[in-house]
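Chain A is the first sequence line, chain B the second, and so forth, proteins listed ahead of strands; every chain is numbered from 1. Just the heavy atoms: all of them, side chains too, but no hydrogens, waters or symmetry mates, feed the values below.
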There are 2 protein chains.
Amino acid sequence: MLTIGQLAATAGVTVRTVRHYHHVSLLPEPERDASGYRRYSAQAAVDLIRIRTLADAGVPLARIDALLHAQPTEFAAAITDIDAELQRKIDQLTEHRRRITELESGERLVLPPEVVAILDRMRGLGVSERRVRLERDSWILMQALDPRVMPQRVRDKNAGFDDPETTRLYLACDQAVDWDPHDPRLDRLIDDLDAWEIEHERDSGRPGYLKLVVSRISEASPAWQRIVDALAHRALQRRTAGHGN
Amino acid sequence: MLTIGQLAATAGVTVRTVRHYHHVSLLPEPERDASGYRRYSAQAAVDLIRIRTLADAGVPLARIDALLHAQPTEFAAAITDIDAELQRKIDQLTEHRRRITELESGERLVLPPEVVAILDRMRGLGVSERRVRLERDSWILMQALDPRVMPQRVRDKNAGFDDPETTRLYLACDQAVDWDPHDPRLDRLIDDLDAWEIEHERDSGRPGYLKLVVSRISEASPAWQRIVDALAHRALQRRTAGHGN
DNA sequence: GGTTGACCCTGACGCTACGTCAGGGTTGGA
DNA sequence: TCCAACCCTGACGTAGCGTCAGGGTCAACC
C-alpha cells in the first residue's frame with residue numbers, strides 16, 4: 001500500500017494535487033490507517049495517471065470523471081475531439097511563435113501587409129519617422145472605424161508615390177514642418193502645391209486630396225499653417241473668379 | 001479616437017480585458033471625454049496588440065510591462081527564451097497527444113515497456129485477466145516502493161516464462177484458484193509443484209520462488225490455501241529429514 | 001529514550017487572468 | 001421619443017492548484 005506522497009510521486013504530481021482531486025471527488029478517498037493516513041492501492045495509481053493524462057491534455061477536471069466512465073464509443077469520440085483540440089493549440093502556439101518575432105515593429109502586428117508596405121515605402125523615400133508614425137496612426141484609426149475604405153486609400157496612396165512630382169511635394173511638405181513660417185522656400189513650395197492641386201483636381205475630379213493628407217499635422221506646425229492658409233486663399237480666389245466669368 | 005469597445009475589437013480582446021490591463025497598470029488609462037468614456041489613440045492599439053502578442057505567447061502579465069520597456073539586448077534575449085518555452089510547450093502537447101491514444105490500457109501509462117511486455121506475454125499465454133491485474137498491481141507497488149529491484153524481477157519473470165514446465169505450472173495454478181479445495185486434480189498439481197520447487201531450489205539457490213508469486217492471492221482462494229499448506233508441510237518434512245541424516 | 005527530519009493531517013487564504021453579474025448613465029438611429 | 005447598443009464602477013466567481021499555519025506520526029540515529 002502507498003502513502004499519499006508515494007502515490008503522488010508515482011504519478012508525477014504534488015500531494016496537494018491528489019488532495020484536490022479528492023476534494024472534487026475525481027479520485028475516491030481511500031481507507032485510512034491507524035494514524036489517519038490515507039493508504040492507496042495500485043489501482044489508485046492507475047486511476048490517477050489516467051486522470052493526469054487527460055488533465056495534461058487540457059480536459060477540464062469537471063469533465064474527466066464523466067469521460068472515464070463513458071461508453072467506449074463516446075470515449076473514443078471524446079478522445080478524437082481532445083486530440084483535434086490539442087492540434088489546434090499546437091498550431092496556435094506555432095503562430096504565436098511567429099508573431100513574437102515581429103514584436104520589434106508593432107505596426108506589422110496591427111496593420112495588413114499592404115499598409116505596412118506603404119509605410120515601408122515611405123521610409124524608403126526618406127519620409128521622417130514622425131510623419132510615418134502619424135500616417136500609421138491614421139491607418140489604425142481608419143481600420144478601427146471604417147475598414148471598408150482602406151483598399152481605395154491603399155490604391156490612392158500608392159498611386160501618389162508612383163508619381164514623381166507628387167512624391168517630391170510630399171517629401172518637401174514633410175521637411176517643411178519644421179521650417180520657419182517666413183522661410184523663403186515656402187513661397188516656392190506653395191506655388192508648386194497650388195499647381196499640383198489644380199492639375200490633380202482636373203485629373204481625378206476629387207479635390208482637396210492634399211488637404212486630407214496634411215490636415216492632422218497642420219495645427220502643430222506654423223509653416224504648415226501658412227501653407228494651408230495660402231492654398232485655401234488661392235482656391236477661393238479661383239472659385240470666385242470662375243463664378244465671375 | 002476610439003472607444004474602449006473599438007479598441008478591444010481592433011486587438012481581438014474583450015472590453016473586460018482592456019479594463020483589467022488598466023487595473024494592473026499594464027496599459028495607461030487614457031483621457032476621458034465629456035461623458036466620462038475612455039478615448040484611445042492609435043498608439044494605444046499598437047501597445048495593446050503588443051501586450052496581447054506577449055500574453056498569447058504565455059508571458060505572465062506581470063512581466064510584460066518590464067519586457068516592453070527593456071533594452072533591445074535584454075528584450076531579444078527574453079524573446080529567445082519565450083520562443084524556446086513555446087517550443088517546449090509544443091513538444092509537450094505533442095507528447096500528450098501521443099499519450100491520450102494509450103488511455104484505454106492504463107497500464108501502458110504507469111509501467112515501463114519491459115513490464116508491459118511481460119503482462120502482454122501473460123495474456124498471450126492465457127493467464128486470466130484477474131491474475132494479470134494482480135500482477136500489474138504488484139509491479140506498480142514495486143515501482144513506487146523500491147524501483148531498484150525491478151530489472152532483476154523482469155529477468156526472473158521472463159526466465160520463468162521461457163521454461164515450458166514453469167509456464168505450465170503457472171497456468172495450472174492460475175486455473176486452480178477457483179477449484180474446490182477437495183478437487184482431485186489438486187493432488188497432482190501439488191506433486192508437480194513440489195518437484196518443481198525442489199529442482200528450482202537446487203538450480204538457483206534461491207528457495208521459495210513460487211511462494212513469492214502466489215502469496216498475495218492465496219488467502220482469497222481455498223484451493224490455493226491447500227496448495228500452500230501442503231507445500232510448506234512437505235518442505236518442512238524434507239528439512240527435518242535432512243537434519244536427521 | 002530523546003531528538004531530528006521527513007512525512008502526514010485539516011483548514012483556509014492566495015494566485016492568475018479574466019468572466020459575469022448588478023445597477024446605473026450615454027449615444028445614435030428609427 | 002424610444003430602443004438597442006454602448007459606456008461606467010464595483011464586486012464577486014472561476015479553475016487548479018500553491019502556500020502557509022498549526023498540528024500529529026514515523027523511522028532512524030545517538
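- Across the protein-nucleic acid pair, His23(B) atom NE2 and dG19(C) atom P stand 15 Å apart, rounded to whole Å.
- The pair Arg99(B)-Glu102(B) fails the salt-bridge criterion, with no side-chain N (NZ, NE, NH1 or NH2) lying under 4.0 Å from an Asp/Glu carboxylate O.
- Atom CG of Leu2(A) is separated from atom P of dC8(C) by 11 Å (rounded to the nearest Å).
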Query raised in the report: In B/S/- notation, 5' to 3', how is nucleotides 3-10 of chain D contacted by protein heavy atoms closer than 4.0 Å?
Result: ---BSSB-
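- When heavy atoms are screened at a 4.0 angstrom cut-off, Arg52(B) is found touching the sugar-phosphate backbone but no base atom.
- In this structure, His22(B) atom NE2 and dA17(C) atom C1' are separated by 16 Å, rounded to whole Å.
- In this structure, the CD1 atom of Ile51(B) is 11 Å from the P atom of dC18(C), given to the nearest Å.
- Remark: the backbone N or O of Leu2(A) is not paired with any side-chain donor or acceptor of Arg39(A) at under 3.5 angstrom.
- The existence of a salt bridge linking Arg88(A) and Asp91(A) is excluded, since no basic side-chain nitrogen approaches an acidic carboxylate oxygen closer than 4.0 Å.
- Judged by closest nucleotide on DNA chain C, Ala62(B) is the one of Ala62(B) and Ala34(B) placed further toward the 5' end.
- For dC17(D), one of the phosphate oxygens OP1 or OP2 lies less than 4.0 angstrom from a side-chain nitrogen or oxygen of Tyr21(A).
- Atom CG of Leu48(B) is separated from atom P of dC18(C) by 11 Å (rounded to the nearest Å).
- Rounding to whole angstrom units, CG of residue Asp33(A) and P of dA27(D) are separated by 10 Å.
- Atom-to-atom, CZ of Arg63(B) to P of dT16(C) comes out at 14 Å; the value is rounded to the nearest Å.
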Query raised in the report: Does the pair Glu31(A) and Arg38(A) meet the rule for a salt bridge (charged side-chain N to carboxylate O under 4.0 Å, His left out), with working shown?
Result: CA-CA 6 Å; Glu31(A) 303 288 301; Arg38(A) 293 179 180 85; over 6 Å; no
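- Side-chain N/O atoms of Tyr170(A) and Arg131(A) include a donor and acceptor closer than 3.5 Å.
- Distance from the side chain of Leu61(B) is smallest for dC18(C) among the nucleotides dC18(C), dC17(D), dG19(C).
- Note on Asp47(A) versus Arg50(A): no salt bridge recorded, every NZ/NE/NH1/NH2 to OD/OE distance being 4.0 Å or above.
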